[in-house]
Amino acid sequence: MSEKKMSSSRKHQLKSLMLSIAKGLLEKEAAEAQEERKRYMDENCPPLSLPGSLQELQELCKKLHQRIDVVDEERYDMESKVTKTDKEIEDLKIKVQDLKGKFKKPALRKVRMSADSMLQALLGSKHKVNLDLRANLKQVKKEVKEEEKEAVGDWRKNIEDKAGMDGRKKMFESEA
């Protein structure tokens, strides 16, 4: 409680003072940028003097075209350097993230995909894949097992055959 609170009028005064200082700095920076631009144009683009004859005008156009080509080449080289360094920066960011071991897992959404569209996404649009799972299945035909049906006959005959030692011998022989 030893700290005293600043009054609102004092806060307002300090805020307006900071804004006026920042405004002055921005104006100064804009003026410096304008001077820099003017100095660069004076160095690299001398004032244009148009010649009177047609031949001299054609020569001037050729020189200007050559300078434009040189500037375009430089611009292209700079663009390629910038893209290369951007890629390196992204790779280094990924490496740093790997070293930290903390990964931001993206929120996954449920996506309904058929098998055809999934394979097309994996293999690319070049490969036309038609996945008909039923066509690849093996065709199996059910075989009807025909069992030999015992001839229905007189039941007494079966009992008489199995009766006695001869019948038991036949039973053991048929099981073995």
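Note that the structure is predicted; figures quoted are calculated from it, not measured.
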Quick one: list whatever passes side-chain contact (heavy atoms from CB on, under 4.5 Å) with [X], sequence neighbours left out.
{"X": "K62", "value": "E59"}
{"X": "S8", "value": "none"}
{"X": "S53", "value": "Q55, E56"}

Nearest 0.5 angstrom please: [X] [atom1] to [Y] [atom2], how far?
{"X": "E88", "Y": "K95", "atom1": "CD", "atom2": "NZ", "value": "9.5 Å"}
{"X": "I94", "Y": "L99", "atom1": "CD1", "atom2": "CG", "value": "12.0 Å"}
{"X": "L92", "Y": "Q97", "atom1": "CG", "atom2": "CD", "value": "12.5 Å"}
{"X": "D98", "Y": "K100", "atom1": "CG", "atom2": "NZ", "value": "11.5 Å"}

Residue list, side-chain hydrogen bond (donor to acceptor under 3.5 Å, both in side chains) with S7, at least two apart or on another chain = S9

Check: residues 28-37 side-chain donor-acceptor pairs under 3.5 Å, at least two apart:
residue, atom, partner, partner atom, Å
Q34, OE1, R37, NH1, 3.0
E36, OE1, R39, NH1, 3.3
E36, OE1, R39, NH2, 2.8

Quick one: hydrophobic cluster around [X], which other residues, with the 4.5 Å side-chain cut-off, linked directly or via members?
{"X": "L14", "value": "M6"}
{"X": "L17", "value": "I21, L25"}
{"X": "V96", "value": "none"}

Under 3.5 Å, sequence neighbours excluded: what are the donor-acceptor pairs made by side chains of residues 67-79?
residue, atom, partner, partner atom, Å
R67, NH2, N44, O, 2.9
R75, NH1, E79, OE2, 2.9

